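Each remark here refers to the structure printed beneath this line.
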Amino acid sequence: MARRSPLRPPGFDELGLKRALADRMLPSLVAAMAFLAALALAGWVGAAALARHWEQGAGAALTVQVPQPADPAAAGGGSRQDAVLALLRAAPGVAQARALSGAELDALLRPWLGAGPGRRALALPGVIAVRLAAPPPDPPALAALHARLAQAAPGTLMEQQGVWIDRLLALVRSLQASAGAALLVVVAVAAAVIAVATRAGLAARREAIEIVHGLGATDGYIAGRFAARATLLAAAGGVAGGLAALPVLLALAHLAAPFAAGGDAGPAGSAARSLGGTMGGIASGLPPALWLLLPGLPLAAAAIGFLTAQVTVRRWLRQLP
Amino acid sequence: MVRFEAVGMHYGPGSGPDVLHDISFQVPEGGFRWLLGPSGAGKTSLLRLLTLAARPSRGRLEVLGTDIGAAPRRALPELRRRIGMVFQDFRLLDHLSAFDNVALPLRLAGRGEGQIRADVGEMLRWVGLAARADAQPAELSGGEQQRVAIARAVIARPSLLLADEPTGNLDDVQAERLLRLFRELNRLGTTVLVATHNEVLVARHPAQCLRLSGGHLVAAE
């Protein structure tokens with residue numbers, strides 16, 4: 001009979017649910033759950049952005065050192081460094097390979113060796129900065145590239161920043177998984193809270209339910225009345241929790257902004273800039289993904305309220321003939 | 001049409017003590033029966049079976065053409081809407097006004113508010129409670145509550161009307177009016193069963209009697 005409910009005068013509360021499912025306790029608890037869910041969502045979105053940044057940025061950089069760069073190469077006419085550069089530029093998966101100039105090397109080494117002429121006496125390797133294409137080549141492909149470089153110029157070293165990036169990525173991914181798990185737990189607790197409140201409402205209004213049931217109300221009608229009330233209260237809690245989380249999330253985004261915007265140099269620069277936009281300072285606000293997900297909180301709370309109340313009430317009603 | 005065939009009943013799951021034993025009788029469509037017997041004889045249990053508040057543990061029970069023991073649960077609500085019941089303890093919803101209590105069966109049946117307003121207003125006038133339409137049950141006397149319960153039971157023109165001590169809180173004049181209402185509905189085709197201790201009323205309105213004792217049907221005269 002639920003589909004005929006528009007005929008019921010507005011506010012008609014035959015089961016007395018306005019008192020049985022009170023308008024303070026349930027929304028407050030759901031608001032707390034929505035607050036936690038907003039934090040977990042922010043953690044998930046933030047960790048995902050960091051992972052993306054590291055994969056596309058620092059993870060895509062490579063340093064190659066060529067000892068005795070000016071010596072003739074094993075084959076061909078050029079120097080060892082030229083041979084390595086040529087191999088790198090021809091290799092698939094390499095977006096850019098650039099030998100650092102003497103001035104750049106001086107700048108790099110000045111903190112350790114000073115600016116004196118003594119440095120020239122040292123046998124310094126040639127240093128080549130490599131930016132890998134996206135997606136970066138897998139480790140076996142890089143190992144094969146390294147073998148070819150060492151063949152052309154024995155003693156060539158390839159320093160991959162990918163090792164510590166992989167470790168950081170593993171850390172970030174586990175953070176992301178934790179945020180996802182927290183989200184699931186929050187959903188489960190919210191459903192449990194609504195189920196307990198609904199059961200308390202059923203117990204409090206048992207007599208009214210039995211009377212209405214005896215007058216010919218269907219399970220769908222009674223469950224619909226409870227679900228409508230639970231949906232309203234849970235949605236209100238979702239709105240309150242989401243609004244309460246907003247200033248916290250903006251403050252977190254503000255804290256994350258300098259961290260995300262820093263290190264704007266080298267091949268990772270563009271990725272870092274895009275991350276700066278993603279993690280956002282207070283000026284640019286929250287990541288767009290969060291702006292899309294936050295309004296989903298009241299909707300999700302309402303859906304959990306509706307489904308939990310429907311299932312709880314229908315199961316309870318089965319004890320009546 | 002109500003038909004009992006060797007119906008037994010006990011409360012709860014398993015095999016509790018029987019409150020009704022091998023009850024067999026039938027009331028044709030449009031029939032009127034007094035249901036008599038001392039307290040604890042099983043009158044209320046029999047009425048619970050007829051209001052579909054319980055199902056028979058044994059035997060075959062047919063109410064308004066439906067086999068209650070075999071009917072699927074989802075078939076029962078529609079059947080309940082064709083049965084009116086006046087409970088001994090009224091069973092009014094205490095947070096609703098007299099008007100809303102009486103209107104409840106019509107609203108559950110999905111009637112329009114305009115029709116509900118007219119029908120309930122007329123019914124409340126008939127039971128003498130037009131001025132108390134907005135009062136809640138707690139503000140009404142026992143007799144007034146009983147009249148609200150009666151109005152709720154008959155408002156949807158049920159095919160089967162059941163009453164458990166419906167005159168217990170009414171004075172003689174009101175009891176007479178009530179019986180005349182039941183008789184009138186009966187004449188229009190409603191099957192009526194009234195459980196009562198009031199032998200004076202039975203004597204004044206002679207009809208066939210079902211007499212229960214200790215859960216057995218001892219006489220159908």
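Just so it is clear: chains get the letters A, B, ... in the order the sequence lines come, proteins before strands, and each one is counted from 1. Predicted model, so just to flag it, every value in this text is computed and none were measured. Computed from heavy atoms alone, side chains included, the values below leave out hydrogens, waters and symmetry copies.
When the heavy atoms of residues 174-209 of chain A are compared with those of chain B, the residues falling under 4.5 Å are A:Arg205, A:Glu207, A:Ala208, listed by number. Residue-level contacts of residues 59-80 of chain B with chain A, in order of numbering, are B:Arg73, B:Leu76, B:Pro77, B:Arg80; threshold 4.5 Å between heavy atoms. Chain A is approached within less than 4.5 Å, heavy atom to heavy atom, by B:Arg91, B:Leu92, B:Leu93, B:Asp94, B:His95, B:Leu96 from residues 86-96 of chain B, ordered by number.
With B:Arg132 contributing its side chain and B:Leu124 its backbone, the two residues share no donor-acceptor pair below 3.5 Å. Judged purely by atom type and a 3.5 angstrom limit, B:Asp22 has no side-chain atom pairing as donor or acceptor with the backbone of B:Val7. No side-chain donor-acceptor contact under 3.5 Å links B:Thr191 to the backbone of B:Leu160.
Taking 4.0 Å as the cut-off between side-chain N and carboxylate O, B:Glu122 and B:Arg125 do not count as a salt-bridged pair. Between B:Arg107 and B:Asp100 there is a salt bridge, since a side-chain N of the basic residue sits under 4.0 Å from a carboxylate O of the acidic one.
When heavy atoms are compared at a cutoff of 4.5 Å, B:Arg82 does not approach chain A at all.
Taking the side chain as every heavy atom from C-beta outward, B:Ile150 and B:Leu170 approach each other to under 4.5 Å. Taking 4.5 Å as the limit, some side-chain heavy atom of A:Thr218 sits within range of a side-chain heavy atom of B:Arg81. With a 4.5 Å cut-off on side-chain heavy atoms, B:Leu50 and B:Phe4 count as touching. Between B:Leu178 and B:Gln146, the closest side-chain pair of non-hydrogen atoms is not below 4.5 Å. Here the side chains of B:Thr196 and B:Leu36 are in contact, with some heavy-atom distance below 4.5 Å.
Going from atom NE2 of B:His21 over to atom CG of B:Leu212 covers 10.5 Å, rounded to the nearest 0.5 Å. If you take CD1 on A:Ile304 and CE on A:Met33, they are separated by 10.5 Å, rounding to the nearest 0.5 Å.
Residues satisfying the side chain to side chain donor-acceptor pair (under 3.5 Å) criterion with B:His216, sequence neighbours excluded, are absent altogether.
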